[in-house]
Amino acid sequence: MIKRLGGALLSLSLLTACSDAPGPQQTLETTIRGANAATLSSDANFALVAAVDHGGSLWDLSSGERLFDWNHQQGGYTTLNHTRFSKDNRLAVTASPFDLVLWSIETGAPQWYWKTPDEIHDIDLVSDGRYALLGLDNAEAVIFDIQQGGVLKRMYHPASVRSVAINAEGTLALTGADDYVARVWDVTNETMLFERTFTNQIDTVALAPNNQFAFSAETLGSAQIWDITTGEMIHSLSGDEWYWPKRVSYLSARFSDDSSQLLTGTAAGLVQLWDVASGEELQRWRVATKESYGPVQTGVYDVAFGPDSSISAMGSNGIWNRFDR
């Protein structure tokens, strides 16, 4: 299930990006044919990639070294759809539609393997990786005991749950369902606290570490920062929804540790840094593509705040990007 690999699979390189925003200062190509999913650790030191051609792999981004191959069956490649790190960066999870494996980042060894109650649409982990929040096709978001097995909490929805986020303590959850509603939940009591209605499927949700702010974005439509203690919108990142709507799909989002800034990544390869208090866009960048010509588009699967004020982003083409601020 695991394999230790010496040295980087591919060397670090600089690729040219589109001219509307600066490109990366450093890149690392982790797979040839692109990725089904990819995620960054919260400190941007590691990337976990669900490659189209070779299953899961864990990468050390400081050295460019491919550390482990992670697949769910010995001697074969698993088609993985979801990847996630625990918030303390000690554990990681890989998931196919109906099973998941928890892995040790230090040793690369599998810790637990479980079948899931229904098809997984999204997954998040609490700080120590003991519990997972699963967004399921059967219209449930569940707290799954990823170390002992079994569903501990159920949050029922009227439609499939497409996107999920949980805070480090495992007490608050944010879900986006196919009924176009984003909901904040008290996990302990399995009760909904607030909801916001959108006009399309909700692609992405994120919770701020201060347990006050949330981000929710729908397909080709509204993207909002809102206050989860009141349910009120703070800022629209997609302009005036009546007079100046932006047709943008955000695939990834992450708040800074102090909750003052928000990073987002779009389906068109744009990475943006936002001020949470003002809603102002502070900076933007464009991820690298594999060709400098033709209709090549790369979505941004994940974004993270890196060391030395750098910004990291993982593209759907399997390329990791580092941007300097």
Side-chain angles (χ1 to χ4, degrees), residues 15-24 26-41 44 47-54 56-57 59 61 79-85 94-95 97 120-124 135 162-165 176 178 198 200-206 215-223 237-238 246-254 262-274 281 283-306 311-323:
L15 283 83
T16 302
C18 296
S19 59
D20 65 333
Q26 190 178 35
T27 63
L28 174 66
E29 189 172 5
T30 66
T31 179
I32 300 299
R33 295 178 55 207
N36 297 319
T39 190
L40 295 160
S41 60
L48 177 52
V49 181
V52 172
D53 49 359
H54 58 75
S57 56
W59 292 78
L61 297 177
T79 300
L80 302 173
N81 302 89
H82 306 285
T83 57
R84 191 73 68 178
F85 288 96
T94 56
I120 302 171
H121 287 309
D122 199 11
I123 186 169
D124 198 11
R162 190 67 50 184
S163 50
V164 299
D178 280 359
F198 292 73
N200 207 342
Q201 174 182 305
I202 299 170
D203 292 325
T204 302
V205 296
F215 172 80
S216 305
E218 65 183 359
T219 303
L220 293 174
S222 181
L237 305 187
S238 46
K246 294 180 182 177
R247 299 307 177 192
V248 178
S249 291
Y250 291 90
L251 302 185
S252 53
R254 192 188 299 252
L262 173 71
L263 271 177
T264 58
T266 75
L270 189 64
V271 177
Q272 294 164 280
L273 178 66
W274 306 86
E281 184 189 65
Q283 285 182 268
R284 60 168 53 192
W285 304 270
R286 179 74 62 175
V287 298
T289 58
K290 292 190 177 183
E291 300 287 349
S292 59
Y293 56 88
V296 178
Q297 183 166 296
T298 299
V300 182
Y301 278 158
D302 201 12
V303 288
F305 294 88
I311 299 297
S312 282
M314 281 299 309
S316 58
N317 56 7
I319 296 177
W320 167 70
N321 303 256
R322 180 184 61 79
F323 307 99

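Residues take their numbers from the sequence shown, with the count starting at 1.
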### Query
Any side-chain heavy atom of Leu263 within less than 4.5 Å of one from Phe215?
no

### Task
Give, for atom CG of Asn317 and atom OG1 of Thr298, the distance between the pair rounded to the nearest 0.5 Å.
3.5 Å

### Query
Heavy-atom distance under 4.5 Å between the side chains of Ile120 and Asn81, does that happen here?
no

### Message
Is it true that Thr79 and Asn36 share a donor-acceptor pair across their side chains at a distance under 3.5 Å?
### Response
no

### Message
Using the side-chain hydrogen bond (donor to acceptor under 3.5 Å, both in side chains) criterion, which residues pair with Ser41? Sequence neighbours excluded.
### Response
Asp43

### Query
So how far is it from Trp274 CH2 to Thr264 OG1, rounded to the nearest 0.5 Å?
6.0 Å

### Task
Using the test side chain to side chain contact (heavy atoms under 4.5 Å, CB included), find all partners of Ser216 that sit at least two apart in sequence or belong to another chain.
Leu174, Ala182, Phe198, Val205, Trp226

### Message
If the condition is side chain to side chain contact (heavy atoms under 4.5 Å, CB included), which residues does Ser312 pass it with, not counting sequence neighbours?
### Response
Leu40, Ala44, Trp320

### Query
Which heavy atom of Ala206 sits nearest a heavy atom of Ala165, and at what distance?
CA-CB, 4.2 Å

### Query
Side-chain contact, heavy-atom cut-off 4.5 Å: Thr31 with Asp53?
yes

### Those residues that, when tested against Asp302, pass salt bridge (Lys or Arg N to Asp or Glu O under 4.0 Å) (two or more places apart)
Arg254

#### Entry: side chain to side chain contact (heavy atoms under 4.5 Å, CB included) between Leu251 and Val300, worked out
CA-CA 6 Å; Leu251 302 185; Val300 182; 5.6 Å; no

### Message
So, taking the atom named OG1 in Thr39 and the one named CG in Leu48, what distance separates them when rounded to the nearest 0.5 Å?
### Response
7.0 Å

### Query
Is there a side-chain contact between Trp285 and Val287 (heavy atoms, below 4.5 Å)?
no

### Query
Sub-3.5 Å donor-acceptor pair from the side chain of Thr30 to the main-chain atoms of Gly318, do we have one?
yes

#### Entry: Short side-chain to backbone donor-acceptor contact, Asn200 and Glu218, under 3.5 Å
no

### Query
Any side-chain heavy atom of Gln272 within less than 4.5 Å of one from Thr266?
yes

### Query
Which value, rounded to the nearest 0.5 Å, describes the distance between Thr27 atom OG1 and Phe323 atom CZ?
10.0 Å

### Message
Distance check, rounded to the nearest 0.5 Å: Gln26 atom CD versus Asn321 atom CG?
### Response
10.0 Å

#### Entry: Heavy-atom pair with the smallest gap, counting every atom of Lys290 and Arg33
NZ-N, 4.3 Å

### Query
So, Asp124 side chain and Asp122 main chain: donor-acceptor pair closer than 3.5 Å or not?
no

### Task
Apply salt bridge (Lys or Arg N to Asp or Glu O under 4.0 Å) to Asp178 and list each qualifying residue two or more places apart in sequence or on a separate chain.
Arg162

### Task
With sequence neighbours excluded, tell me which residues meet side chain to side chain contact (heavy atoms under 4.5 Å, CB included) with Tyr301.
Ala35, Ala38, Ser316

### Query
Heavy atoms, side chains only, cut-off 4.5 Å: are Ser163 and Thr204 in contact?
no

### Message
If you define the side chain from C-beta out and look only at heavy atoms, does anything of Val271 sit under 4.5 Å from Ile311?
### Response
yes

### Interatomic spacing from CD in Glu281 to CG in Leu273 - rounded to 0.5 Å
8.5 Å

